[in-house]
Amino acid sequence: MILCETVLGNLSDEKFSGKTYKIDYVEIEWHEAYKRIHQKMTQSGREIGVRLGTEILTKGLRQGDVLWQDGNEVIAVDVPPCEVIVIHVDAHHPKMAHKVCFEIGNKHGALMWGEEDNEFITPYNEPTFQLLAKLHGVTVEKAVRKLDFDRAISSTVSSHTH
């Protein structure tokens with residue numbers, strides 16, 4: 001088993017660009033991104049243990065984070081797509097964005113900026129979908145997307161750290 005105890009950087013960093021690496025991905029689901037300890041299998045079948053410091057509780061793991069390197073081989077994080085709620089706030093009702101943010105925050109949910117103006121993304125669950133669908137000036141749709149925590153409005157999946 002390979003033990004990974006630190007994030008060495010990200011595949012997008014300068015130190016990893018310019019070289020050709022053999023990348024072995026390990027899937028970390030969006031809801032696992034802020035956990036310190038993992039036992040996983042990489043896509044090529046290598047068993048890894050991940051034991052990170054407390055800084056991961058607020059930073060989280062991101063797509064492309066490098067957990068291990070040996071020469072030109074790296075193990076990097078892949079956050080797979082998941083079901084999400086895509087929330088659109090009608091331009092004629094801009095203050096409903098406040099209501100959307102309040103409702104997601106009240107549920108301690110993760111919330112990200114979408115790709116368009118007045119668009120938000122949150123992980124899917126049926127009660128939240130039904131609640132948001134009832135809001136005037138708000139339309140919702142269920143979709144499958146990769147969550148980008150660099151676009152997060154709410155700080156973490158669970159910010160209850162002590």
Side-chain angles (χ1 to χ4, degrees), residues 1-88 97 100-101 103-125 128-129 132 140-162:
M1 178 188 302
I2 297 171
L3 181 61
C4 308
E5 296 185 300
T6 187
V7 175
L8 303 174
N10 193 286
L11 292 173
S12 64
D13 294 347
E14 188 176 319
K15 72 179 180 178
F16 291 106
S17 63
K19 282 188 178 180
T20 303
Y21 287 97
K22 180 180 176 194
I23 303 168
D24 191 6
Y25 286 100
V26 60
E27 282 193 358
I28 303 288
E29 300 283 339
W30 72 268
H31 55 87
E32 299 174 316
Y34 291 85
K35 293 182 180 177
R36 292 182 56 232
I37 298 173
H38 305 269
Q39 187 169 350
K40 297 280 187 178
M41 293 291 274
T42 67
Q43 288 179 345
S44 71
R46 289 192 260 195
E47 187 176 3
I48 69 165
V50 180
R51 185 175 57 207
L52 300 169
T54 56
E55 71 282 350
I56 209 65
L57 298 173
T58 54
K59 179 191 175 292
L61 289 169
R62 302 287 200 263
Q63 178 70 34
D65 278 351
V66 176
L67 300 175
W68 177 83
Q69 179 182 10
D70 185 15
N72 70 335
E73 289 187 72
V74 297
I75 295 175
V77 172
D78 178 38
V79 181
C82 65
E83 290 184 326
V84 298
I85 302 170
V86 181
I87 307 154
H88 296 274
V100 167
C101 293
E103 294 296 350
I104 300 296
N106 197 40
K107 293 178 172 291
H108 299 271
L111 185 63
M112 287 117 232
W113 295 108
E115 298 298 319
E116 303 169 15
D117 290 341
N118 298 325
E119 182 181 85
F120 302 95
I121 309 287
T122 191
Y124 178 83
N125 70 64
T128 301
F129 184 88
L132 296 171
V140 293
E141 65 180 287
K142 185 177 176 181
V144 175
R145 293 192 185 173
K146 279 191 176 245
L147 292 177
D148 182 356
F149 283 99
D150 289 332
R151 299 181 62 88
I153 297 170
S154 60
S155 59
T156 65
V157 173
S158 175
S159 60
H160 296 277
T161 58
H162 302 279

Per side chain to side chain contact (heavy atoms under 4.5 Å, CB included), Val26 is matched among Ile2, Thr42, Leu61 by Thr42
Query raised in the report: Can you check whether Lys146 reaches Trp30 side chain to side chain, under 4.5 Å on heavy atoms?
Result: no
Verify the neighbour count for atom CG of Asp150: are there more than 12 heavy atoms of other residues, nucleotides or ligands below 6.0 Å? yes
In terms of heavy-atom contacts, Arg51 and Leu3 come closest through NH2-CD2, 3.5 Å
When Leu147, Ile87, Ile153, Asp148 are each screened for side chain to side chain contact (heavy atoms under 4.5 Å, CB included) with Ile121, the one that passes is Leu147
Discussion item. Between Arg145 and Val86, is there a side-chain heavy-atom distance shorter than 4.5 Å?
Written reply: yes
CG of Asp13 to CG of Leu8, rounded to nearest 0.5 Å, is 10.0 Å
- Can you tell if the side chain of His88 reaches within under 4.5 Å of the side chain of Phe120, non-hydrogen atoms only? no
Under a 4.0 Å threshold between the charged nitrogen and the carboxylate oxygen, would Lys142 count as salt-bridged to Glu83? yes
Practice problem: Flag the pair Thr54 / Arg36 as yes when at least one side-chain heavy-atom distance between them is below 4.5 Å, and no otherwise. | Solution: yes
Salt-bridge present (Lys59, Asp65; N to O < 4.0 Å): yes
Q | Glu14, CD atom: more than 12 neighbouring heavy atoms under 6.0 Å | A | no
